[in-house]
Amino acid sequence: MINGLKRIDNVNCACNFALNQLYNYDFTMIIWSMSKKFFITTPIYYSNDIPHVGHMYSSLICDIFSRYKRLFGYDVKFSTGVDENSQKVVQKAIEHEMDIMDYLDMYAQKHKETWDNLDMSYTDFIRTTSEKHKAFVQQVLQKTYDRGDIYQGEYEGLYCVGCESFKKETDLIEKDGKLVCPDHLKEPERIKEKNWFFKLSKYQDQLVKFYENNPGFISPHFRFNEVIAFVKWGLEDFSISRETNKFGIPLPFDESQVTYVRYDALLNYLTVCQGGDEEFWPGIHVLGKDIARFHAIYWPAMLLSAGYQLPQKEIVTGFFTVDGQKMSKSLGNTVKPLELVEKYGRDAAVFYLFYDLVIGSDGDFSYARLEASRESMLSAGWGNLVSRVSKLADKNDISLGKKHLECFDLCKDDEEECLQDILSLTPVMIEELLETKWINYVLQLWYRGVQAANTYMQNQEPWVKLKSPESAQEGRQHLEFLLYVVKQLALISAPFLTEWFAKIQTILGNDLIAKVSTRETNEHWRQAWDLEEFDVTLAPDILYQKLEPSV
Ligand code: ME8
C-alpha cells in the first residue's frame, strides 16, 4: 500500500507490455494524486506566428492529462498563453508596419482560435502584456532585489534575437565564414550595455540539493542528468534587463530599463495563480527540450530567491522533424494544426501524435503514417468495431449492455486475454498507468483492446449464432458483452478521442454515459465505468468517413 493507493498486485496480466512494469513507480507522480488540485502548463508561445504542430503537441499533453484528471475527481487548472515581451515579436510588428499592440492582439486571437478549434480544455490563457502579469512581475522583481539577488553590471556580448538569449562564441557554428546561431543561422548582434543581473550562481548548491532530493523532477531522466551536469559545471549570473529595448516591463527599482522574456516569461506560471488560485501552485510544466535549462535551472533559482515553492515536475518533450526534415518556414514544411484537423479530423491527428511519437524523444512526423494510422487503426479498427456491434445489436433489438462473465471465459487466445486485463482495470489503476507510463502507453493499451475486441467478434461470430434458434441466445449474449466492451474502451479513449467519444455517447443512448464530460470535474465517468449492466437505445452511426485518396 502506498499512501492509500492500492497496488495492482493481483492483476492476472497476460498483456505483458501493458502492466508488468507498474512497480517502477515514479514517486513524484504518485504524490500529485494525493492533492485534489491539479495544475499543468504549456510553454507560452511567441506570438509572432500561428502555432505549429510542435506547439500543438505540448498543448495536447496538457489537455489529455487535464481531461483524465477531471475524470479522476481533480479540480484542474490548465494554463497556456502567449509570450509577448519579446524583441523578435516587436521586430515582426515593425516589418509588417503594424502597431505593436495591434500586432500582439491579432496573434493572441489567432492562438486562441487555434486552441479552441482543437477543442483544448485550457482554463487560463495568459498574455504577458496584461496588467496583471506586469504588476506581479514587478512585485517579484522588487522582492528579489530586496534580497540582494539583483545587481547592476556591464554586459558586452553576443545576443541572438531568434533565441532571445545571449550567446558565447562556443555556442555558435560557422556558416559562410561567419559565426552564426545554430538554430537561427543568423549572426548574433554584438551588444554593450548596462544590464541588471540575477545572481544565479548563488543558488548552485541549493539547486543541486533540490535535484538530489527530487529524482523525478525532470522527465525523461536523461534530460535530468544533462541539467545536473550543466549546473555542477558552474552557473553564471544572467542578465534580466535590457537598456536599449523599451518593450517590456519596467524594473520597479530602475524605470529606465525593462525586463523581458528571459525573466518575465517564466513568471507567467505564477501570475495565473494570483487572485484566488494560489493553492494550485506548485504545478507541472510541459516544455520542449529547447527551453529545458531555462525551466530547470533559471526558474527554480528565481523561485528560491523570491520565496516560492518549486515546480512539482517538468516534462520535457523532444523535437520532431517532418518527413525527415527540420520543420521550418523557409522549407515551407511547417505543419499547421488547423490544416491537420480539417483534412484528417482532430482525433486522428491526436491519436497519431501519441501513438507514433514518444513523449520525451525526438521523432519524425509523417503524413503517410498519419494517414495509415487513421485508416487502418482508427477507421478499420475502432470505427469498424463500434459500427458492427451497434448495427448488429440494433438490428436484433438488443437494449442492454452487460459484462457477461461467461464471455470472459471464452477469451482464449493471447489477444483476447489482453481484453480481460483491460476490462479488469479500475479507475485507480488507469490513473496509475497514466502517471507512471504516460499517455502513449494508455493509448497503446487501448488500441490492443480494440484489436482484441475485433478478434473476439471474429471468433465468436454472433451474426451466425443469431441466425439459428439454438444459438440465438448465445449470439445475443456476445453482443451485450461487446456493447459493454465498447463502453469501457470508449471511456478510456474519452480524454484523447474527444469527438468520437461524443459520437459514441449518442450511438449508445444511455443517460449516464451521455453525462460524462472531460471538460469538468464530475463523477459520471467513474459511475459509467462501474456499470456492469446498462440500458442502451442504439442509434448506429459511422465514426470515420474514409479519406479521399491523396493525390
Ligand atoms: O520558446 N517539435 O516559445 P516558442 C516539437 N516563448 N515541439 C516543438 C517544436 C518541434 N519541432 N518546435 C517548438 C518559446 N516546439 C518561449 C517559451 S515559456 C516560459 C517561454 C514546442 O514559440 C516546444 O514545446 O518558441 C517548445 O518548447 C515550444 O514549442 C517553444 O515555443
Side-chain angles (χ1 to χ4, degrees), residues 40-63 79-90 92 104 107-108 110-111 114-115 124-129 133 136-137 140 160-165 181 183-184 218-219 223 240 248 259-272 283-300 302-303 311 314-331 333-337 340 353-354 356-366:
I40 194 157
T41 69
T42 73
I44 47 170
Y45 307 116
Y46 287 126
S47 49
N48 57 348
D49 207 341
I50 54 170
H52 58 58
V53 69
H55 302 130
M56 170 180 171
Y57 184 65
S58 300
S59 297
L60 278 173
I61 295 173
C62 297
D63 187 59
S79 102
T80 189
V82 276
D83 194 355
E84 300 181 302
N85 297 310
S86 145
Q87 193 54 21
K88 67 173 157 190
V89 175
V90 172
K92 284 274 175 193
L104 291 175
Y107 272 110
K110 285 181 194 261
H111 277 246
T114 304
W115 304 139
D124 296 73
F125 185 90
I126 180 168
R127 295 184 58 177
T128 54
T129 48
H133 182 67
F136 181 67
V137 170
V140 173
C160 172
V161 175
C163 299
E164 292 284 14
S165 69
C181 162
D183 293 326
H184 297 93
I218 300 171
S219 291
R223 293 270 171 231
I240 60 158
T259 191
Y260 67 116
V261 285
R262 282 282 127 180
Y263 186 85
D264 94 274
L266 290 162
L267 285 165
N268 91 83
Y269 303 130
L270 270 180
T271 301
V272 294
I284 294 149
H285 302 312
V286 174
L287 50 124
K289 65 178 183 179
D290 54 330
I291 48 177
R293 283 185 195 167
F294 185 44
H295 278 75
I297 303 171
Y298 288 23
W299 179 222
M302 285 163 59
L303 289 166
E314 300 194 346
I315 299 174
V316 182
T317 62
F319 264 29
F320 34 89
T321 47
V322 177
D323 288 327
Q325 283 189 305
K326 188 176 171 177
M327 182 165 52
S328 85
K329 258 196 199 168
S330 47
L331 288 173
N333 65 349
T334 309
V335 181
K336 301 191 178 90
L340 278 187
L353 285 173
F354 290 96
D356 206 39
L357 304 163
V358 178
I359 297 176
S361 309
D362 288 334
D364 184 48
F365 177 95
S366 143

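These numbers come from a predicted model, not from an experiment. Just follow the structure's listing: the first ligand is 1, and inside any ligand the first atom is 1.
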**Message:** Looking only at the side chains, is there a donor atom on one of His52 and Thr334 sitting less than 3.5 Å from an acceptor on the other?
**Reply:** no

**Message:** I'd like to know whether ligand 1 has Gly318 as a neighbour, heavy-atom separation below 4.0 Å.
**Reply:** yes

**Prompt:** Can you tell me if Lys326 has a non-hydrogen atom under 4.0 Å from ligand 1?
**Reply:** no

**Prompt:** Counting each atom of ligand 1 from 1 as listed, which ones have a heavy atom of Ile291 under 4.0 Å away?
**Reply:** 1 (O), 17 (C), 27 (O)

**Asked** Is there at least one pair of N or O atoms, one from Thr317 and one from ligand 1, spaced under 3.5 Å apart?
**Response** no

**Item:** Sub-4.0 Å atoms of ligand 1 with respect to non-hydrogen atoms of Met327
**Value:** 11 (N)

**Message:** Regarding ligand 1, does Phe294 bring an N or O atom to under 3.5 Å of one of the ligand's N or O atoms?
**Reply:** no

**Tyr57 and ligand 1 - part of the residue with a heavy-atom distance under 4.0 Å** = neither

**Request:** Please state whether the rings of His111 and Tyr107 are parallel, tilted or perpendicular, taking 30° and 60° as the class boundaries.
**Result:** perpendicular

**Request:** Return the minimal non-hydrogen interatomic distance between His184 and Gly162, and the atom names on each side.
**Result:** CE1-C, 3.3 Å

**Ion pair Lys92/Asp49, N-O distance below 4.0 Å** = no

**Prompt:** With a 4.0 Å heavy-atom cut-off (strictly under), which part of Thr321 contacts ligand 1: side chain, backbone, both or neither?
**Reply:** neither

**Request:** State, to 0.1 Å, how close Pro311 and Leu303 come at their nearest heavy-atom pair, and which atoms those are.
**Result:** CD-CD1, 3.6 Å

**Prompt:** Is ligand 1 under 4.0 Å from a heavy atom in the side chain of Lys289, in the backbone, in both, or in neither?
**Reply:** neither

**Asked** Can you list the ligand 1 atoms lying under 4.0 Å from a non-hydrogen atom of Asp83?
**Response** 6 (N), 16 (C), 20 (C)

**Request:** Determine whether any heavy atom of Phe320 lies closer than 4.0 Å to an atom of ligand 1.
**Result:** yes

**Prompt:** Is there a heavy atom in His52 that sits closer than 4.0 Å to ligand 1?
**Reply:** yes

**Message:** Would the distance check show the side chain of Asn333 and the main-chain N or O of Lys326 forming a donor-acceptor pair, the cut-off being under 3.5 Å?
**Reply:** yes

**Request:** Answer yes if the ring centres of His295 and Tyr269 are under 6.0 angstrom apart, and no otherwise.
**Result:** yes

**Request:** Evaluate the side chain to side chain contact (heavy atoms under 4.5 Å, CB included) criterion for residues His55 and Thr114: first the C-alpha distance (whole Å), next the side-chain angles of each, then the deciding distance (0.1 Å), finally the verdict.
**Result:** CA-CA 11 Å; His55 302 130; Thr114 304; over 6 Å; no

**Complete:** Taking only non-hydrogen atoms of His295 and a 4.0 Å limit, the atoms of ligand 1 in range are 18 (S), 19 (C)

**Asked** Which ligand 1 atoms are under 4.0 Å away from a heavy-atom of Ser58?
**Response** 23 (C), 24 (O)

**Complete:** Note: ligand 1 atoms sitting under 4.0 Å from heavy atoms of Ala265 are 19 (C)

**Asked** Heavy-atom distance under 4.5 Å between the side chains of Met327 and Val53, does that happen here?
**Response** yes

**Item:** side chain to side chain contact (heavy atoms under 4.5 Å, CB included) assessment of Phe365 paired with Tyr57
**Value:** CA-CA 11 Å; Phe365 177 95; Tyr57 184 65; over 6 Å; no

